[in-house]
Engineer: 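Pasting in a structure now, in structure tokens, and then I'll have a few things to ask.
Each chain gets a letter, A, B and so on, in the order the sequences are listed, and its residues count up from 1.
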2 protein chains.
Amino acid sequence: MSSKGTAEKIIEAALHLVSEKGYTAATTKAIAELAGVNEVTIFRHFGNKRGILKAIIEQFSYYPLLQQELNKNVTWDLETDLLNFSIKHFNFLMSIKDFVMIGFKEAMQFPEINEEIANIPLHIKTELIHYFQEMHDRGKIREIDMEAAALSLIAINFGHFMSRARLGTFVSNMPNEELLKTSVSIFSRGLAP
Amino acid sequence: MSSKGTAEKIIEAALHLVSEKGYTAATTKAIAELAGVNEVTIFRHFGNKRGILKAIIEQFSYYPLLQQELNKNVTWDLETDLLNFSIKHFNFLMSIKDFVMIGFKEAMQFPEINEEIANIPLHIKTELIHYFQEMHDRGKIREIDMEAAALSLIAINFGHFMSRARLGTFVSNMPNEELLKTSVSIFSRGLAP
DNA sequence: CTAGCATGTAAGTAATTACTTGCATGAAAG
DNA sequence: CTTTCATGCAAGTAATTACTTACATGCTAG
């Protein structure tokens with residue numbers, strides 16, 4: 001419960017509250033309360049309210065977490081690889097859910113967060129295109145616009161993520177893996193020659 | 001420029017500001033300014049700040065706009081119908097972009113908006129499943145989990161919408177129709193027997 | 001012309017919010 | 001034992017915000 005633990009508690013509370021209510025509505029008083037810390041402690045640690053989010057941005061560098069996973073276990077079997085990718089992509093988004101939500105809500109006030117979020121699909125797109133190109137050269141994918149294909153797969157996974165993260169089981173209570181399995185089954189068959 | 005016009009200007013300004021900055025950060029002063037109206041006028045029309053959003057919710061009943069379009073022009077050719085659907089779905093979401101963004105940002109403070117937004121995919125899912133079922137009976141779709149297929153198509157379109165609505169051409173500058181055409185081409189081929 | 005109605009203007013209020021300051025406390029380190 | 005350091009606590013401040021009240025103005029319908 002030293003200094004480090006306190007700062008972390010504040011960051012966690014802020015991450016949760018800001019992602020839920022937005023930056024302006026998440027008051028320092030409420031953040032302090034949720035963190036189980038006196039309000040003054042927030043200012044002693046981070047200077048001002050923006051400082052909390054600034055610390056969050058600096059502390060987390062999310063994308064590398066996903067990138068190093070993606071290139072693992074490539075089998076060059078289309079459906080196997082895409083399912084593997086989709087599950088990782090989906091779980092990655094779920095793991096940074098609060099961060100993504102803040103990025104969406106506070107794009108104006110914190111362009112840095114928004115930019116970091118926006119870069120994720122951009123990076124993934126590049127890697128997917130490479131993969132699709134290689135698969136095409138191996139004769140395992142038909143002639144198609146690779147960029148559009150990559151964007152579509154990203155869109156599916158992101159759509160599933162948003163549905164689950166925001167609406168829970170309201171739209172469907174199908175298990176995530178089953179849903180991804182079917183969507184990848186359709187998608188990979190649609191890509192096959 | 002009678003009473004009706006004034007209320008509409010206020011609603012438009014609120015829709016824009018709240019979707020951009022969030023409910024709390026969109027002050028009545030700023031809304032009045034953007035609407036080109038005195039701040040007091042807001043309270044005379046809507047009682048209090050929540051009243052503006054309440055009026056927005058009551059005024060707009062979005063889904064019917066889409067529903068009556070969806071059942072038109074069914075050709076029972078898979079790719080044609082899915083492309084037609086996807087374009088309508090995408091454009092519909094674009095047309096209520098501000099409303100969707102508010103639903104996402106203010107799910108806590110305005111559960112009614114969130115509920116209305118959440119109902120859209122639910123309704124669409126039901127209709128898509130019916131369509132897929134009929135297509136299956138006609139032997140034009142392979143044996144597959146219809147619910148997962150419907151959810152996946154919705155997810156693709158929603159994902160594309162989010163990408164364009166939030167990130168513009170940051171991830172890709174491919175024209176919308178071209179993107180949808182490819183994604184539907186993949187999807188419908190993946191569904192074929 | 002006049003009566004009514006929507007709006008603008010000015011001024012103010014109570015509550016909230018981010019942030020500060022001064023002091024007390026308690027635990028760990030030398 | 002004593003110093004240090006992180007934190008709690010109490011009180012306060014300046015700014016902002018939602019909202020009110022009272023009065024002036026102008027347009028429109030009868």
Engineer: One thing to verify: whether Glu134(A) and Arg138(A) come together as a salt bridge, which I'm taking to mean a side-chain N less than 4.0 angstrom from a carboxylate O.
Structural biologist: yes

Engineer: How about Thr6(A) and Arg44(A): does a side-chain donor come under 3.5 Å of a side-chain acceptor?
Structural biologist: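 Per modelled atom types, Thr6(A) and Arg44(A) side chains form no pair under 3.5 Å.
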
Engineer: What's the spacing between Ile57(A) CD1 and Glu115(A) CD if we round to 0.5 Å?
Structural biologist: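 Here the interatomic distance stands at 10.5 Å.
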
Engineer: Establish, for the pair Arg50(B) and Phe110(B), whether the NZ or CZ atom is under 6.0 angstrom from the six-membered ring centre and no further than 45 degrees off its axis.
Structural biologist: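 Yes; both conditions hold, so Arg50(B) lies above the ring face of Phe110(B).
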
Engineer: What's touching nucleotides 17-19 of chain D from the protein side, N or O pairs under 3.5 Å?
Structural biologist:
residue	atom	partner	partner atom	Å
dA18(D)	OP1	Lys49(B)	NZ	2.9
dA18(D)	OP2	Thr28(B)	N	3.1
dA18(D)	OP2	Thr28(B)	OG1	2.9
dC19(D)	OP2	Lys49(B)	N	2.6

Engineer: Give me the distances for all protein-to-nucleotides 10-14 of chain C N/O pairs that come in under 3.5 Å?
Structural biologist:
none

Engineer: Looking at Thr41(A), does any N or O in its side chain come under 4.0 Å of the phosphate oxygens OP1/OP2 on dG8(D)?
Structural biologist: yes

Engineer: Pairing donors with acceptors under 3.5 angstrom, does anything connect the side chains of Thr182(B) and Asp145(A)?
Structural biologist: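 Absent: no donor and acceptor within the cut-off.
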
Engineer: Specify the separation, in whole Å, of atom CZ of Arg44(A) and atom C1' of dC23(C).
Structural biologist: 11 Å

Engineer: Can you tell me how far C1' of dT20(C) sits from CZ of Phe46(A), to the nearest Å?
Structural biologist: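 Interatomic distance, CZ of Phe46(A) to C1' of dT20(C): 18 Å.
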
Engineer: So does His45(B) get a side-chain nitrogen or oxygen closer than 4.0 Å to the phosphate oxygens (OP1/OP2) of dT7(C)?
Structural biologist: yes

Engineer: Rounded to whole angstrom units, what separation is found between the NZ atom of Lys9(A) and the C1' atom of dG8(D)?
Structural biologist: 12 Å

Engineer: Going by heavy atoms in the side chains, are Trp76(B) and Tyr131(B) under 4.5 Å from each other?
Structural biologist: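 They are in contact (side-chain heavy atoms under 4.5 Å apart), so the answer is yes.
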
Engineer: How many angstroms lie between atom CG of Asn176(B) and atom CZ of Phe90(B), to the nearest 0.5 angstrom?
Structural biologist: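 Spacing of CG (Asn176(B)) from CZ (Phe90(B)) equals 3.5 Å.
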
Engineer: Using a 6.0 Å cut-off, check whether atom NZ of Lys181(B) has over 12 heavy atoms from anything other than its own residue.
Structural biologist: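 Counting neighbours around NZ of Lys181(B), 12 or fewer heavy atoms of other residues, nucleotides or ligands fall under 6.0 Å, so no.
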
